[in-house]
Amino acid sequence: MATRQLAPRSVPEAHLAPDAAELEAQFAQSIDLAWRSLRRLGVADAVLPDAVQDVLLVVHRRRAEFRGEASFRTWVYGIVLRVASGYRRSAGRARAVFDPNQPLDSDAAPSATPSPFEHLEQRAATEVLHRLLGELPDGVREVFVLVELEELSIEASASVLGISAATCKSRLRTARRTFDAACTRERARRERLESK
Amino acid sequence: MKPSDALSKDARALLRAARGGDDISTAERQRVLQAFQERAASDDTVADSAASTPRRHSARATRSRPRRKLPRPMRHAAWALAAVISTGSLAALARDGAFSGWRAAIEKVLGTLTGERSTQGQEAAVKRPAARRDVPALGEPETKAPEPAVMHEPEPDDDTTRPAVADTETARLPRTHEPADSSRAHARAATREPSPSRTKSAAPDPSASAELDLIVMARNALAARQHAEARAAAERHALRFPAGAFAEEREAILALCACRETGARESARAFIERRPDSLFAERIRRDCKLGTNLVPGASATGTHQESPPRSGAQ
């Protein structure tokens with residue numbers, strides 16, 4: 001088949017305007033999305049409800065600006081990221097420092113034995129996840145959360161972050177490698193503990 | 001994104017184990033709603049701390065705009081929201097986790113709003129070729145916020161839209177395009193609500209045409225590899241019709257978008273786990289390169305070979 005393009009056009013706004021049910025659903029979605037992403041972006045549990053409120057307030061106030069030209073979800077992510085970075089800044093840098101010079105040993109031959117993470121119970125795994133995410137530099141962490149955890153597209157993530165798609169792809173590769181390396185270290189840590 | 005760029009086994013195992021661990025609980029969501037109701041009621045007086053945070057990104061949502069009042073309809077919505085919450089609709093939330101009470105109240109208050117749009121929808125719908133409405137049980141052109149714009153476009157993929165529209169009842173069969181379903185672990189907001197269909201009457205369901213519009217939009221975009229548009233349409237469908245007739249297809253579309261764009265295959269895997277015998281499963285397995293070893297037992301070999309997307313809507 002010949003390549004087709006959907007004609008890029010701005011759809012008349014009336015046709016995209018949400019009805020009451022959709023507004024309601026968008027609001028609910030914002031809550032869920034903000035809650036889980038803020039946690040993963042390093043907002044402490046103690047202030048999480050406040051951070052979610054901040055997101056909702058911005059969504060609520062700026063809802064009229066959102067014209068539906070892209071995904072509502074993507075738009076909300078932008079708000080979430082900004083709120084998260086604000087909270088992180090005020091919380092101070094109390095996390096492990098990532099050493100960019102440290103060789104990323106995730107390219108080592110993968111272990112044949114099942115991953116110790118498989119049998120982690122959800123809450124424990126979530127704690128580990130947060131800790132490992134905390135080892136990532138902010139920009140890399142954000143890309144990881146958006147693409148790997150929230151499954152946004154490269155384009156959407158790039159627009160949320162205000163970077164080019166190429167930069168986003170490159171950051172994603174770094175994010176994956178870095179996260180893999182963190183997992184490998186964590187796994188080694190666990191195995192050392194268990195073997196004691 | 002090549003699959004080789006995807007995560008290591010350990011990383012994937014960790015993500016799988018942690019899945020859902022950050023989701024908000026129903027109780028917590030109620031608390032959030034209640035707190036927000038108080039804030040929304042005093043909208044103008046609450047400091048917008050988020051907006052004044054120094055910006056790091058230039059994303060659309062962070063552009064500073066002169067603060068202005070919400071347009072009237074939105075303001076009505078905000079008050080309706082606050083009013084509804086304070087009248088105890090949270091009880092309804094707690095009971096069935098759905099927003100049915102909320103929705104009913106909002107719809108009432110926003111009656112004029114949707115009425116305006118319905119009018120516009122009707123005008124646009126009238127322009128639609130009659131053939132597009134050739135679907136049983138869709139007697140009326142009127143819908144809430146339909147997307148007739150899609151129908152107006154010179155549809156490049158004829159083979160995807162015509163059979164799709166003419167065949168809505170069996171539209172779940174994959175045609176030459178590849179709509180697919182995936183249950184997205186992260187779309188819990190949509191799947192968690194047992195959202196009742198908007199009209200429970202026996203009359204032709206006007207929301208069905210709106211649902212179809214969204215799905216067709218998503219399908220076409222997917223076939224044209226316009227993944228951003230496909231996602232946008234599919235996500236809208238997830239919001240409005242979380243358990244709609246085309247939910248499976250929508251989830252498949254979302255899974256395919258994720259795989260193709262970034263190689264992220266969690267939702268694809270989740271879809272296959274939940275619906276190994278789905279008509280879209282074969283497509284997803286192939287496009288997402290999942291192989292058959294992830295599906296224990298039964299449907300190790302695709303059981304539905306009648307969908308020959310060989311003419312490759314790629």
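In what follows, chains are A, B, ... by sequence order, proteins preceding strands, each numbered from 1.
- A:S153 places a side-chain heavy atom less than 4.5 Å from the side chain of B:R231.
- There is no contact between A:H119 and chain B, counting heavy-atom distances below 4.5 Å.
- By the side-chain contact (heavy atoms from CB on, under 4.5 Å) test, A:A84 pairs with A:L38, A:L41, A:V43, A:R88, sequence neighbours left out.
- When atom types are taken as modelled, the side chain of A:D180 and the backbone of B:S8 share a donor-acceptor pair closer than 3.5 angstrom.
- To the nearest 0.5 Å, the span separating CG on B:D22 from CZ on A:R39 amounts to 4.5 Å.
- The aromatic rings of A:F27 and B:F36 are tilted relative to each other, their planes meeting at an angle between 30° and 60°.
- Side-chain atoms of B:E266 never come within 3.5 Å of backbone atoms of A:E148 as a donor-acceptor pair (strictly under, hydrogens ignored).
- When each of A:V128, A:L56, A:L120 is checked for heavy-atom pairs under 4.5 Å with chain B, A:L56 comes out on top.
- At a 4.5 Å heavy-atom cutoff, the contact between A:V52 and chain B is made by side-chain atoms alone.
- Contact annotation for A:E155: only side-chain heavy atoms (C-beta onward) come within less than 4.5 Å of a heavy atom of chain B.
- Counting heavy atoms from C-beta outward, B:I24 and A:R36 have side chains that stay 4.5 Å or more apart.
- Looking at A:Q122, its side chain does come within 3.5 Å of a backbone N or O of B:R19 through a donor-acceptor pair.
- For B:L15, the part lying under 4.5 angstrom from a heavy atom of chain A is the side chain only.
- Using a 4.5 Å cut-off between heavy atoms, B:A228 does not touch chain A at all.
- With chain B as partner, the option from A:L132, A:V59, A:L33, A:T126 having the largest number of non-hydrogen pairs under 4.5 angstrom is A:T126.
- Here the straight-line distance linking atom CZ of B:R31 with atom CD of A:Q53 works out to 12.0 Å at 0.5 Å rounding.
- Rounded to the nearest 0.5 Å, atoms OG (A:S115) and NZ (B:K9) are 6.5 Å apart.
- Checked by atom type and distance alone, the side chain of A:E151 pairs as donor or acceptor with a backbone atom of B:S267 at under 3.5 Å.
- In terms of heavy atoms, A:F117 sits closest to B:A17 at O-CB, 3.4 Å.
- Residues passing the side-chain contact (heavy atoms from CB on, under 4.5 Å) test with A:R189 are A:R131, A:E135, A:R185, A:E186, A:R192, sequence neighbours excluded.
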